[in-house]
Every structure is written in structure tokens, then in C-alpha cells.
Amino acid sequence: METFPRIISVDDHTVEPPHVWRDRLPSRYRDTGPRIVRAPLKEMTFVGGKFTPTMGSPGDEGPLADWWVYEDLHRPLTRLDTAVGYDRDEVRLEAITYEQMRPGSYDVRERLADMDVNHVQSALCFPTFPRFCGQTFTEAADRELGLLGVRAYNDWMVEEWCGPDAQGRLIPLALVPLWDAELAAQEVRRNAERGVRAVCFSEIPPRLGLPSIHTDAWDPFLRACDETGTVIAMHIGSSSQMPSTSADAPPAVGSTITFANCCFSMVDWLMSGAFERFPRLKIMYAEGQIGWIPYILERADVVWEENRGWGGVADKVLRPPSELFAEHVYGCFFDDAFGLRNVESIGVPNVLYETDYPHSDSTWPKSREVGEQQMGHLPAELVERIVRGNAIDLLGLTDEGLWPGA
């Protein structure tokens, strides 16, 4: 391509710096809130879709790593959290320190520099320590501290990560207290008042011990998103379970089928009636890719047409699921040549581009080259929509692709 649009990535990640909660929680929580401790790694496994690290004691053998410590949780920073700048064969399951990662993972100015290298103008960033929908705080015992932790993260996200130094190029993505839909609604509204247009949510809430979207338990939260124009963003793994096939399946199995939870989740939403109750609601699937979508829509329409009488949806899903998808759902991809060859079957307005910086799957620093290779057959106006235009409309950005609240 002679020109390629400046990318607006709807799925990047921030590695939170050590001071996020230390500086924002009340002093009485300084020793119990999330904090960084440097300690050896005793053991770490990732099989059957389950990540299990064990922190050693001072003096134990093992590589030193920086660990987030919060109540009974001990989670190390890992190379998979921030792999950019390393050869693919050097990316292994290992615990690291802040000094062993690319500074753009946690530093705003360094992030902007790395975005420039990658032809990226703006980026929406998911969390790391809170996990992809804040389930770290949902699983904690102290609900008061958990709520303060969620709010502290959102304040840091808006005021610092997406603050003046970001020049409008970093787009805020908020967390909510998932254990209480009313509190979640309040947090959506609190952040919407300062221009936040996206919020994290779980792809499959029951896997976190929460109600499904087939109930009305989430209605206060969904209503708040509907009324404020807040997009519900669901990242792969936001159910705390990556897809796998068996307890002993190697990570490569799950890595191949990472889209599966998005697939299950999208069918849940299409058959839930939520889009009938909340007609302005928008949802997006980060890192789920898009090539699988056409068949699922085809199958969902057949089930709705032929089986809705006994399928439990006749009284709440009043239109074909493919129509609901076109109005409410967005698929996000960073490397999906098959999906782009079939993008008309998905719907160009429903497709968003991403780079996944700084994860091991990231296309950085070649996201432009990947896009040029995979979108070269498309007209320039469609490439513009996929690479930036759809994100501008969905996230309420300026015509220049910047977050107006900066």
C-alpha cells in the first residue's frame, strides 16, 4: 500500500508500575493492598490452561522476580506479560523484574515512543495485575479494600496513564467491582463523567462464580453502560480460564484456540435478550480474532429460525442474531488473514484492529507491515474503517483519533 492509516489499537496492555496502589490507597492499607516484593521464583507451571506460580522465601534458590502481593495472592511479573523486543525463541515461561522488561510496558513516554515505531497513533490498554476484567479484586476477601483498589486503578488510568503526558494517545479503560452490579453501575457513571467510554467485563461471568448474562442480575450495570455510551470490553482469558482440552494439554493447545471463549460468550449475548432490553449497548471482544464469526452467525440464525420455540429464546430474542451482531458486537484482531478475506461476511463496521503490545503474540514493531499484507486486497476506504475509523466512532475519539478527555 502507498499509505497505511495510523493505527488505533483497541487491545494493548499496561504493566502497572509499583506505585499505582501504594500512592492511592489509604495509609491503613499500605501493608495489605497490592504492592511489589522482590523474591525468588520457586516454581511456575502453565498446563491445562492454568497458570500456577510459587514464590520462594528470602535466601531460597531460584531467579529473582518482582511479585505483586495482595492478601493471599502472589503473582510474579512474567516474560509473557511483556515480550516485545525479544526474539520469539527467547520468550519462555519465566518470572522477571521491571528492569528485565521493555520500559514502554509501564512508562507513558516510552510507550508513546514504541507506538511511533509501530505506526500506532492511539491505544486502549487492558490491565495486567488486576487481570483482564479486574477479577483479582473480585476474588479478594476484603470487599472494602477491593472497591478501593478498583477505584484507585481507574484514577491512575485516567489521571496518569491517560493523563497530559499521553497527549490524548492513550485511551482509558476502566474496571468495575464485579461482585455488585449496583456498585459497578456507579463506577461506570463516575468514569463516564470524566470521558471514559470503555469498561472491562468477563467473557463468561459464571466461571468467576458470578451470575450469567441470562439473568437480570447485571441490569443495573448494563443500563449504566447503555445510558452513558460505555462499551463493554471483554478480553480472552477474562473468565480466568483459557480454553484447553485436558489438564495435561501444553500451552500451545490453548494458544491455538484462544478465540473459543469469545465464541461461547458471543452466543451467550446474542441469545440473552440483553440487546433487546438495552438497545444502545455495545460490546467488543479483544484478541479474539474474527475468522470464526461468519459461521457462528450463520448457525445462530438457523437455531433462532428453526429452534427458538423450544430453545428458550422466542420471547426475548426478537430478531435474527446476525442483525443483533451488526448493531451491537465488535470483533478485534491483530493477525487474521482468513478473517480479512471474509470480512464482508462479518461486516466491515464490526471489525477493529489491535497490536497486543507488549504480549508475546504482539505484532510490534511490524503491525503496519502485517496490516498491509493482510488488507492489501481491500479498498482504501475499508482499510481506513478497520484500522482506525470504527474505533474512533465506537470510543468517542476526536476526528484525529485522540481521546478528548486528556
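The figures here come from the full heavy-atom set of this structure, side chains too, leaving out hydrogens, waters and symmetry mates. Only a predicted model underlies this, so the values are computations on that prediction, with no experimental measurement involved. Nothing fancy with the numbering, it's 1 onward along the sequence.
Classification of R190 and D155 as a salt-bridged pair holds, one side-chain N sitting under 4.0 Å from a carboxylate O. Using a 4.0 Å cut-off between a side-chain N of Lys or Arg and a carboxylate O of Asp or Glu, E400 and R6 do not qualify as a salt bridge. Between R169 and D116 there is a salt bridge, since a side-chain N of the basic residue sits under 4.0 Å from a carboxylate O of the acidic one. With respect to the salt-bridge test (charged N to carboxylate O, under 4.0 angstrom), the residues R151 and E187 qualify. Using a 4.0 Å cut-off between charged nitrogen and carboxylate oxygen, D81 and R75 count as a salt-bridge pair. A salt bridge is defined here as a Lys NZ or Arg NE, NH1 or NH2 lying under 4.0 Å from an Asp or Glu carboxylate O, and R28 with E144 meets this definition. R189 has a carboxylate O that lies under 4.0 Å from a charged side-chain N of E227, or vice versa, which qualifies the two as a salt bridge.
Atom SG of C332 is separated from atom CD1 of I236 by 11.0 Å, given to the nearest 0.5 angstrom. The line from CG of L178 to OG of S238 is 9.5 Å long, rounded to the nearest 0.5 Å. A distance of 7.0 Å separates CD1 of I386 from CD1 of I290, quoted to the nearest 0.5 Å. Residue L318 holds its CG atom at 9.5 Å from CZ of R308, rounded to the nearest 0.5 Å. Rounding to the nearest 0.5 Å places CZ of F264 at 8.0 Å from CZ of F259. Note that CG of L64 is 13.0 Å distant from CD1 of I96, once rounded to the nearest 0.5 Å.
Using a 4.5 Å heavy-atom cutoff, the side chains of V150 and N154 are in contact. Using a 4.5 Å heavy-atom cutoff, the side chains of R277 and D219 are in contact. Between L394 and L352 the shortest side-chain heavy-atom distance falls below 4.5 Å. Contact of the F129 side chain with the V20 side chain is not registered, since no non-hydrogen atoms from C-beta on lie closer than 4.5 Å. Side-chain atoms of E276 and L324, non-hydrogen and from C-beta on, do get closer than 4.5 Å to each other. Annotation: side chain of K282 is not in contact with side chain of I232 (no heavy-atom distance under 4.5 Å). The shortest side-chain heavy-atom distance between M234 and W269 falls under the 4.5 Å cut-off. Within the 4.5 Å cutoff, the side chain of F334 has no heavy atoms near those of the S367 side chain.
Relative ring orientation between F132 and H359 is described as tilted, the plane-to-plane angle lying within the 30° to 60° band. Between H13 and H235, the angle of the ring planes goes over 60°, which puts this pair in the perpendicular group of the 30/60° scheme.
Remark: the T82 side chain and the S105 side chain contain an N/O donor-acceptor pair separated by less than 3.5 Å. Inspection of the R197 and N191 side chains reveals no N or O donor paired with an N or O acceptor under 3.5 Å. Using modelled atom types and a 3.5 Å distance limit, the side chains of D66 and Q100 yield no donor-acceptor pair. When only modelled atom types and interatomic distance are considered, S9 and D12 share a side-chain donor-acceptor pair under 3.5 Å. Under 3.5 Å, the side chains of H119 and E372 contain no donor-acceptor pair of N or O atoms.
Between the side chain of R385 and the backbone N or O of E381 there is no donor-acceptor pair closer than 3.5 Å. Between the S255 side chain and the P251 main chain, no donor and acceptor come within less than 3.5 Å of each other. Here the side chain of Y353 pairs a donor or acceptor atom with the backbone of G371 at under 3.5 angstrom. Between the T230 side chain and the A198 main chain, no donor and acceptor come within less than 3.5 Å of each other. Side-chain atoms of S362 come within 3.5 Å of backbone atoms of T355 as a donor-acceptor pair (strictly under, hydrogens ignored). Panel note: side chain W218, backbone P211; a donor-acceptor pair is recorded below 3.5 Å. Put simply, the side chain of Q135 gets close to the backbone of C133: a donor and an acceptor are under 3.5 Å apart. At least one donor-acceptor pair under 3.5 Å links the side chain of N118 to the backbone N or O of K366. Checked by atom type and distance alone, the side chain of R143 pairs as donor or acceptor with a backbone atom of T138 at under 3.5 Å. A donor-acceptor distance shorter than 3.5 angstrom exists from the side chain of E16 to the backbone of T128, with no hydrogens or angles considered.
Ring centroids of W179 and F137 are separated by 6.0 Å or more, keeping the two rings apart. In this structure, F201 has its ring center under 6.0 Å from that of F221. For an aromatic pair to be called close, the ring centres must be under 6.0 Å apart, and Y285 with Y330 fails this.
Checking Y70, W68, W156 one by one against W21, the ring pair (Phe, Tyr, Trp, His ring centres under 6.0 Å) holds for a single residue, W68.
Closest non-hydrogen pair, E160 versus R24, comes out as OE1-NH2, 3.0 Å.
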